[in-house]
2 protein chains.
Amino acid sequence: MSIRSRYHHGDLRSALLERAEATLRKVGVDGLSLRQLARDIGVSHAAPSRHFRDKQALLDELAASGFERLGQRFAEAATAEGPVTERLYGMARAYLRFAMDNPELLALMFTRKQRSTSPDLSASVQHAFAVPVALIASGQEAGEIVAGDPKRIGITCIAALQGVATLVGSDFTDYDADQLLRDMVRHLTDGLRPRP
Amino acid sequence: MSIRSRYHHGDLRSALLERAEATLRKVGVDGLSLRQLARDIGVSHAAPSRHFRDKQALLDELAASGFERLGQRFAEAATAEGPVTERLYGMARAYLRFAMDNPELLALMFTRKQRSTSPDLSASVQHAFAVPVALIASGQEAGEIVAGDPKRIGITCIAALQGVATLVGSDFTDYDADQLLRDMVRHLTDGLRPRP
DNA sequence: ACCTGAACACCGTTCAAGT
DNA sequence: ACCTGAACACCGTTCAAGT
């Protein structure tokens with residue numbers, strides 16, 4: 001960061017992403033403007049276009065990085081000690097923690113506008129989702145989970161968690177997140193139909 | 001609509017809401033601008049402010065009307081013939097149909113930004129959610145559903161459906177909506193833990 | 001290669017003034 | 001009561017020109 005190199009920022013791309021995520025957290029997507037981002041970083045308002053084709057491209061990268069981090073948290077929970085169902089519950093808690101720590105980012109991750117999903121984003125999603133699917137497959141081997149395509153069961157679980165995250169974030173209910181999550185896990189595990 | 005009354009629109013408020021929903025469906029929230037709406041209707045760009053404090057107020061009303069219609073569809077499904085579990089499945093299908101018919105509206109309905117929810121919207125939500133809760137309560141009486149606070153079980157079901165709708169709308173998965181929904185209903189009904 | 005400055009076509013919101 | 005027109009302070013995107 002010599003005085004000479006202040007004209008060329010050096011790593012404007014990373015700086016934009018970093019600042020964008022901070023702004024997203026503080027003021028939400030609607031409050032995020034490329035011009036303000038550029039101002040914050042101290043660069044002209046036209047500079048970002050060198051690194052992101054348009055605003056949506058920057059948002060797509062934020063979403064992709066979100067899925068990468070979510071995938072990491074999944075992986076940590078999946079490789080913990082204990083029976084599969086315990087680890088699945090750990091993953092569920094990791095999901096909800098991520099959702100509550102990054103509510104605006106999560107909304108961005110699952111809002112696909114009417115644009116085609118970028119290959120980058122798609123790869124991050126597949127990578128993240130693969131973790132619970134694998135865990136479910138090993139749960140089936142251990143006889144802890146019913147038979148069936150682990151991919152389909154995994155997607156069902158992710159959908160359930162995403163729903164909990166959405167409801168928690170919408171404050172349409174007074175139940176706290178932990179209780180909602182426990183209810184969901186319990187009912188999805190044991191079923192709503194009474195067991196004999 | 002006499003020539004004399006063209007200056008005063010007459011029912012600008014309704015016209016704005018109607019046009020806004022059509023635009024929402026066509027180009028999404030991001031493509032929705034008050035100025036364009038005013039232009040479409042043939043009124044000055046400042047006119048909408050008489051009827052909606054700001055853009056968010058109009059979006060809130062759209063969301064509220066969404067919940068009202070969703071509640072109606074719920075009520076229809078709830079009062080159908082057959083056992084409770086059948087009617088719950090009918091409600092689930094109604095939810096997903098609504099989600100697929102109004103993807104942008106649904107996103108709007110569940111995206112609460114970081115603003116306080118308007119009382120109007122909150123009332124619509126409570127009204128809509130009350131339907132599945134009541135159905136679950138009668139399912140418990142019939143012995144078709146496990147014991148527990150019907151409100152909490154109902155919220156769990158809605159979360160599950162909302163999650164399915166989100167995943168279907170995000171096109172992160174290739175599974176079609178019906179299959180995803182059937183999987184969710186089956187697993188939530190019977191549980192992921194093997195039954196003896 | 002990377003950034004600037006000006007330009008273009010938009011926004012939401014406000015407010016005196018008109019009917 | 002309801003709407004207009006002008007004004008203000010913003011946007012995203014593009015593009016010749018600078019270093």
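Numbered from 1 within each chain, the chains take letters A, B, ... in sequence-line order.
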Task: From dG12(C), dC3(C), dT13(D), nucleotide with atom closest to Leu12(A) side chain - done: dC3(C)
TODO: Establish, from distance only, whether the side-chain atoms of Arg182(A) and Gln179(A) form a donor-acceptor pair under 3.5 Å.
DONE: no
Open item on the list: From CG of Leu58(B) over to C1' of dG12(C), roughly how many Å is that when rounded to an integer?
Closed with: 13 Å
Open item on the list: Between the base of dT13(C) and the side chain of Arg35(B), is one N or O donor paired with an acceptor at under 3.5 angstrom?
Closed with: yes
Task: Intra- and inter-strand pairs of DNA chain C in dot-bracket (Watson-Crick or G-U wobble, both distances under 3.5 Å; | for another strand) - done: ||.|||||...|||||.||
Open item on the list: So if I take every side-chain heavy atom of Arg39(B) and compare against dT4(C), dC11(C), dG12(C), which nucleotide ends up nearest?
Closed with: dC11(C)
Task: hbond_proxy Arg53(B) side chain to dT13(C) base (donor-acceptor, 3.5 Å cutoff) - done: no
- [ ] Test the Arg69(B)-Phe67(B) pair against the cation-pi criterion, namely NZ or CZ under 6.0 angstrom from the six-membered ring centroid and within 45° of the ring axis.
- [x] no
TODO: Take atom CG of Asp11(B) and atom P of dC3(D), then tell me their distance rounded to the nearest Å.
DONE: 10 Å
Open item on the list: What's the closest nucleotide to the side chain of Lys55(A) if the choices are dT13(D), dC11(C), dC3(D)?
Closed with: dT13(D)
TODO: Using atom NE2 of His45(B) as one end and atom P of dT4(D) as the other, report the distance to the nearest whole Å.
DONE: 10 Å
- [ ] Rounded to the nearest angstrom, tell me the gap between atom CD in Gln36(B) and atom C1' in dG12(C).
- [x] 14 Å
Open item on the list: Considering every strand and a 4.0 Å limit on heavy-atom distances, what is the contact class for Ser49(A): base, sugar-phosphate, or nothing?
Closed with: base
- [ ] Compute whether any side-chain donor of one residue and acceptor of the other, for Gln162(A) and Thr166(B), lie under 3.5 angstrom apart.
- [x] no
Task: Length of the CG-P vector between Leu16(B) and dC2(D), whole Å - done: 13 Å
- [ ] Could you tell me whether His51(A) contacts a base, only the sugar-phosphate backbone, or nothing, with contacts defined as non-hydrogen atoms closer than 4.0 Å?
- [x] sugar-phosphate
TODO: Taking all non-hydrogen atoms of both residues into account, name the closest pair between Ala20(A) and Leu32(A) and its distance.
DONE: O-CD1, 3.5 Å
